[in-house]
Amino acid sequence: MKNSLFIQLSLLATFLLVSCGNGSNETVIEDENEDEITPTLTLLWETDDTLITNESVLYDEATGTIYVANIDGNPTEKDGKGSISIIDKEGNIIEQEWVTGIDAPKGMGITNGKLYETNIDELVEIDIETATISNRYAVEDAAFLNDVDVRNDRVYFSDMATGKIHFLLAGEIYLFAEGQNNINGLRVGGDGTLYGLDAEGLKKYDEKGNFEMINQEVTGGDGLIIIDDSTFLVSRWQGEIYLIQNGIATLLLDTKAEDSNTADIGFIPSENIVLVPTFFKNKVAAYRLSY
């Protein structure tokens, strides 16, 4: 009986040891995907719907000002209806008509105290301190000037109709690249590298205007934001916003069913807030980005 009892106790001890060992192993094993976050956009606020046909939003990191370009008419008609508005980071409209006397303003960029915006066939320069138009640069053979971005004294801008990228430097306009089918969104990286969106997808340009493809899935893009060297936000006017990481696109927002457009988006990097001009909905919507 003693031997039998000893054997039973030994088996029980062995069972408990093995069971505890297995339990310990299970707690050590971690899901490799446990810390991954599904990229999302969460609606924070919307402005009143008085920003008529708003096409572009620009956040000025230096001052915290948010500028909105309103076409308020036909995107190709010289009717003088266009304007620039100012809103705050809570969605309040601070100045409905900060600057007027523009036809169909679209992309915007800021450098050296000036705000530059495209206006069909000219680049308009606005003195920020006085809120007045300080210069107009006519662009030869321009048809549908669209997005703008800046790098020091150089102002890049696209012509969607002619497939050209131009830049303004020291009062003169130069051709940077051509043959870019439906070129729209432009953005300059911190190192001076230019990126663009056209009918082929997201491109990275060298200093001579040659390019390499980053993503060919999101074609016909509108707004472009650089988060870092391998992470981008891209909008399609029809109502889509994508996050592109290492060349792979993830759809974050689709508002096509609501007939709400997603034109030339802006971004507040310190708060990961995406500013979306909704075009025909006549308001700007703000979303928190998580990724």
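Just so you know, these numbers use all the heavy atoms, side chains as well, and skip hydrogens, waters and symmetry mates.
- Across all non-hydrogen atoms, the minimal contact from Glu55 to Pro277 is O-CG, 3.5 Å.
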Practice task
Tell me, with the steps shown, if Leu243 and Ile227 meet side-chain contact (heavy atoms from CB on, under 4.5 Å).
Solution key: CA-CA 10 Å; Leu243 181 70; Ile227 296 179; 4.1 Å; yes
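- Counting only distance, with no hydrogens or angles, the side chain of Asn215 and the backbone of Glu217 share a donor-acceptor pair below 3.5 Å.
- Using modelled atom types, no side-chain atom of Ser235 and backbone atom of Asp264 make a donor-acceptor pair closer than 3.5 Å.
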Handout entry: Derivation of the side-chain hydrogen bond (donor to acceptor under 3.5 Å, both in side chains) call for Asn74 and Thr76
Key = CA-CA 5 Å; Asn74 190 312; Thr76 61; 2.9 Å; yes
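- The main-chain N or O of Phe144 is found under 3.5 Å from a side-chain atom of Asp159 such that the two form a donor-acceptor pair.
- Heavy-atom neighbours of Lys78 NZ from other residues, nucleotides or ligands within 6.0 Å: above the threshold of 12.
- For the residue pair Tyr59 and Glu271, no side-chain donor N or O sits within less than 3.5 Å of a side-chain acceptor on the partner.
- Under the 3.5 Å distance criterion, the side-chain polar atoms of Asn282 are matched with a main-chain donor or acceptor of Thr53.
- The nearest pair of heavy atoms linking Ala263 to Phe279 is CB-CD1, 4.5 Å.
- Here the closest heavy-atom approach between residue Thr100 and residue Ser83 is recorded as CG2-CB, 4.2 Å.
- Sorted by first and then second residue, the salt bridge (charged side-chain N to carboxylate O under 4.0 Å, His left out) pairs involving residues 228-251 (not counting sequence neighbours) are Arg236-Glu240, Glu240-Lys256.
- Here the side chains of Leu186 and Val148 are not in contact, with every heavy-atom distance at 4.5 Å or above.
- Note on Leu175: it does not cluster hydrophobically with Val155, by side-chain heavy-atom contacts below 4.5 Å among ILVMFWY residues.
- You'll find the side chain of Ile273 reaches within 4.5 Å of the side chain of Leu44, heavy atoms only.
- Side-chain contact between Thr262 and Asp222 is absent, with no heavy atoms from C-beta onward closer than 4.5 Å.
- Distance alone, capped at 3.5 Å, places no donor-acceptor pair between the Thr47 side chain and the Lys283 backbone.
- Between the side chains of Asp147 and Asn184, no donor N or O sits under 3.5 Å from an acceptor N or O.
- Considering CD1 of Ile84 and CD1 of Ile133, their distance stands at 9.0 Å, rounded to 0.5 Å.
- Nearest heavy atom pair, residue Pro75 against residue Ala104, reads O-CB, 3.3 Å.
- Here the closest non-hydrogen pair linking Gly82 and Pro105 is CA-CD, 3.7 Å.
- Ile94 pairs by the side-chain contact (heavy atoms from CB on, under 4.5 Å) definition with Ile86, Asp88, Asn92, not counting sequence neighbours.
- Thr250 and Gln245 are not linked by any side-chain donor-acceptor pair at a separation below 3.5 angstrom, with hydrogens and angles left out of the test.
- Counted within 6.0 Å of CD on Gln216, heavy atoms from surrounding residues, nucleotides or ligands total 12 or fewer; the atom is thus considered open.
- For Leu275 against Ala286, the heavy-atom pair with the smallest separation is CD2-CB, 4.0 Å.
- Separation of atoms OG1 (Thr118) and CD1 (Ile120) is listed at 9.5 Å; rounding is to 0.5 Å.
- The backbone N or O of Lys89 lies less than 3.5 Å from a partner atom in the side chain of Trp45, making a donor-acceptor pair.
- Cluster membership check: Ile268 does not share its hydrophobic cluster with Leu289, using side-chain heavy-atom separations under 4.5 Å among Ile, Leu, Val, Met, Phe, Trp and Tyr.
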Exercise for the section: Before giving the answer on side-chain hydrogen bond (donor to acceptor under 3.5 Å, both in side chains), spell out for Glu125 and Ser134 the whole-Å C-alpha distance, their side-chain angles and the decisive distance to 0.1 Å. Expected result: CA-CA 6 Å; Glu125 177 188 277; Ser134 51; 2.7 Å; yes
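- Both Val124 and Ile110 belong to a common hydrophobic cluster when Ile, Leu, Val, Met, Phe, Trp and Tyr are linked at side-chain heavy-atom distances under 4.5 angstrom.
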Practice task
Check step by step if side-chain contact (heavy atoms from CB on, under 4.5 Å) holds for Glu212 and Asp206.
Solution key: CA-CA 9 Å; Glu212 61 178 277; Asp206 64 19; over 6 Å; no
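- Here the side chains of Asp254 and Ile241 are not in contact, with every heavy-atom distance at 4.5 Å or above.
- Between Val284 and Glu46, the closest side-chain pair of non-hydrogen atoms is not below 4.5 Å.
- Atom OG1 of Thr278 and atom CG of Asp49 lie 8.5 Å apart (nearest 0.5 Å).
- With Thr255 contributing its side chain and Ser260 its backbone, the two residues share a donor-acceptor pair below 3.5 Å.
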Practice task
Output, in order, the C-alpha distance, side-chain angles, deciding distance and verdict of side-chain hydrogen bond (donor to acceptor under 3.5 Å, both in side chains) for Gln180 and Tyr205.
Solution key: CA-CA 11 Å; Gln180 310 303 298; Tyr205 294 87; 2.8 Å; yes
Practice task
Report the C-alpha separation of Leu233 and Ile265 in whole Å, then their side-chain angles, then the decisive distance to 0.1 Å, and conclude whether the side-chain contact (heavy atoms from CB on, under 4.5 Å) test is met.
Solution key: CA-CA 9 Å; Leu233 281 172; Ile265 54 177; 4.2 Å; yes
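- Residues Ile173 and Phe167 are not in side-chain contact: their nearest non-hydrogen atoms beyond the backbone lie 4.5 Å or more apart.
- The aromatic ring centres of Phe232 and Tyr195 sit less than 6.0 Å apart.
- With contacts defined as side-chain heavy-atom distances shorter than 4.5 Å, the pair Leu58/Ile66 does not qualify.
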Handout entry: Worked check of side-chain contact (heavy atoms from CB on, under 4.5 Å) between Leu253 and Tyr287
Key = CA-CA 10 Å; Leu253 185 71; Tyr287 295 82; 3.8 Å; yes
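- Judged by distance alone, the side chain of Lys281 and the main-chain N or O of Glu258 form a donor-acceptor pair under 3.5 Å.
- Using a cut-off of 4.0 Å between Lys/Arg side-chain N and Asp/Glu carboxylate O, Asp198 and Lys203 are scored as salt-bridged.
- Residues Ser85 and Asn70 have side chains that bring a donor and an acceptor to within less than 3.5 angstrom of each other.
- A salt bridge links Arg187 to Asp149: one of the charged nitrogens lies within less than 4.0 Å of a carboxylate oxygen.
- The line from OG1 of Thr162 to CG of Asp121 is 11.5 Å long, rounded to the nearest 0.5 Å.
- Between Phe176 and Leu194, the closest side-chain pair of non-hydrogen atoms falls below 4.5 Å.
- A distance of 4.0 Å separates CD of Gln96 from OG1 of Thr50, quoted to the nearest 0.5 Å.
- In this structure, Lys106 fails the cation-pi test against Phe157, since its NZ or CZ atom is not both closer than 6.0 Å to the six-membered ring centre and inside 45 degrees of the ring normal.
- Residues passing the ring pair (Phe, Tyr, Trp, His ring centres under 6.0 Å) test with Tyr291: none are found, sequence neighbours excluded.
- A donor-acceptor pair under 3.5 Å links the side-chain atoms of Asn261 to the main chain of Trp237, judged by distance alone.
- To the nearest 0.5 Å, the span separating CG on Asn135 from CD on Glu122 amounts to 10.0 Å.
- Both Ile183 and Tyr174 belong to a common hydrophobic cluster when Ile, Leu, Val, Met, Phe, Trp and Tyr are linked at side-chain heavy-atom distances under 4.5 angstrom.
- Leu251 and Ile244 fall within the same hydrophobic cluster, defined by Ile, Leu, Val, Met, Phe, Trp and Tyr side-chain heavy atoms under 4.5 Å apart, directly or through other members.
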